[in-house]
Amino acid sequence: MSEINFNSIYDGVSLALHAAFPDRQIYGGEVKQGLKPGDFNVIMPGARQIKQVGQRYRRTPTVDVIYYPKRSPCAAECHDMADRLTHILWSIQTPQGDTIHATSCECRVEDGVLHILLAYNHHIYIQRAQEPMETLEIKQEG
């Protein structure tokens, strides 16, 4: 198992979308021009890190997958796509080959676009630099 980080989760979501929708464009971040109905945009609006026991930390990055519907009104299309995306993105594989599962999913339609917010909780271990006993100096008084 390799080290899972924010970029590997972001890339895993993008790869899952590319595999499921090879004929659509998947953008990452700000889209200046060229966006077409039916395209996706993947952003990571935030992440949390909470200290656990010892050097363990629980990380919770949130990924927002934005879908731009082809038709207006878009309610039926957005609900159908929300159902498809939750199945596609519930378990993703990182580029390093690790599988990670979403721990929560929230779907909403705002301003005529679909937002799927997924949280991918995972744990990391941060090792402290340790000084070997042979290099310690002992100062005795008295």
Side-chain angles (χ1 to χ4, degrees), residues 1-140:
M1 182 171 173
S2 61
E3 181 180 327
I4 296 173
N5 58 41
F6 297 140
N7 284 331
S8 63
I9 291 171
Y10 181 88
D11 291 343
V13 169
S14 297
L15 290 171
L17 288 172
H18 277 294
F21 303 99
D23 58 330
R24 312 260 178 108
Q25 287 290 332
I26 290 96
Y27 298 94
E30 187 178 338
V31 180
K32 302 216 187 254
Q33 63 183 19
L35 186 72
K36 298 179 194 119
D39 289 347
F40 295 93
N41 192 7
V42 180
I43 60 173
M44 189 175 287
R48 290 184 357 175
Q49 179 170 301
I50 300 169
K51 184 164 177 45
Q52 303 282 296
V53 177
Q55 284 91 352
R56 281 177 53 107
Y57 293 84
R58 183 178 60 168
R59 286 186 168 179
T60 308
T62 301
V63 178
D64 187 4
V65 176
I66 305 166
Y67 173 70
Y68 300 92
K70 295 180 178 182
R71 295 182 290 285
S72 181
C74 66
E77 181 183 358
C78 286
H79 294 141
D80 178 54
M81 185 57 72
D83 187 51
R84 291 175 67 190
L85 288 173
T86 54
H87 291 293
I88 292 165
L89 299 174
W90 197 252
S91 291
I92 60 167
Q93 190 168 23
T94 65
Q96 297 80 17
D98 296 314
T99 300
I100 187 165
H101 308 284
T103 53
S104 68
C105 178
E106 179 184 337
C107 306
R108 64 177 175 247
V109 178
E110 290 179 355
D111 299 325
V113 297
L114 172 67
H115 292 263
I116 305 284
L117 287 118
L118 299 126
Y120 292 96
N121 294 4
H122 62 283
H123 287 88
I124 62 167
Y125 182 80
I126 300 175
Q127 292 185 357
R128 291 186 197 158
Q130 294 184 359
E131 189 174 348
M133 292 293 288
E134 295 85 32
T135 62
L136 292 177
E137 291 184 22
I138 299 175
K139 295 181 182 179
Q140 292 182 333

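As the structure is a computational prediction, the values presented were derived from the model and not from experiment.
- Put simply, NZ on Lys36 and OH on Tyr27 are 5.5 Å apart, with the number rounded to the nearest 0.5 Å.
- Residues satisfying the ring-ring contact (aromatic ring centres under 6.0 Å, His included) criterion with Tyr67, sequence neighbours excluded, are Phe40.
- Ser104 is linked by a side chain to side chain contact (heavy atoms under 4.5 Å, CB included) to Ala119, counting only residues two or more places apart in sequence or in another chain.
- Applying the side chain to side chain contact (heavy atoms under 4.5 Å, CB included) rule to Gln49 yields the partners Tyr57, Arg59, Ile124, Ile126; only residues at least two apart in sequence or on another chain are considered.
- Atom CD1 in Ile9 sits 4.5 Å away from atom NE2 in His122 (nearest 0.5 Å).
- Expressed to the nearest 0.5 Å, how far NE2 of His101 lies from CG of Leu118 amounts to 13.5 Å.
- Ile66 pairs with exactly one of Val113, Leu117, Ile116 by the side-chain contact (heavy atoms from CB on, under 4.5 Å) rule, that one being Val113.
- Side-chain atoms of Arg58 and Arg48, non-hydrogen and from C-beta on, do get closer than 4.5 Å to each other.
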Side-chain donor-acceptor distances from residues 10-24 under 3.5 Å, at least two apart:
from  : atom 1 : to    : atom 2 : distance (Å)
Tyr10 : OH     : Val42 : O      : 2.9
Ser14 : OG     : Tyr10 : O      : 3.3
Arg24 : NH1    : Gly38 : O      : 3.3

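- Remark: His79 pairs with Ala75 by the side chain to side chain contact (heavy atoms under 4.5 Å, CB included) rule, at least two apart or across chains.
- For the salt bridge (charged side-chain N to carboxylate O under 4.0 Å, His left out) condition, no pair includes a residue of residues 62-77, sequence neighbours left out.
- Counting only heavy atoms from C-beta outward, the side chains of Tyr120 and Ile4 never approach each other to under 4.5 Å.
- Scored by the side chain to side chain contact (heavy atoms under 4.5 Å, CB included) test, Cys78 finds Pro69, Cys74, Val109, Leu114 as partners (sequence neighbours excluded).
- Sorted by first and then second residue, the salt bridge (charged side-chain N to carboxylate O under 4.0 Å, His left out) pairs with a member in residues 109-119 read Arg108-Glu110; sequence neighbours excluded.
- Here CG of Asn7 is found 11.5 Å from OG1 of Thr94. Values are rounded to the nearest 0.5 Å.
- Every residue meeting the side chain to side chain donor-acceptor pair (under 3.5 Å) condition with Thr60, not counting sequence neighbours, appears here in chain and number order: Asn121.
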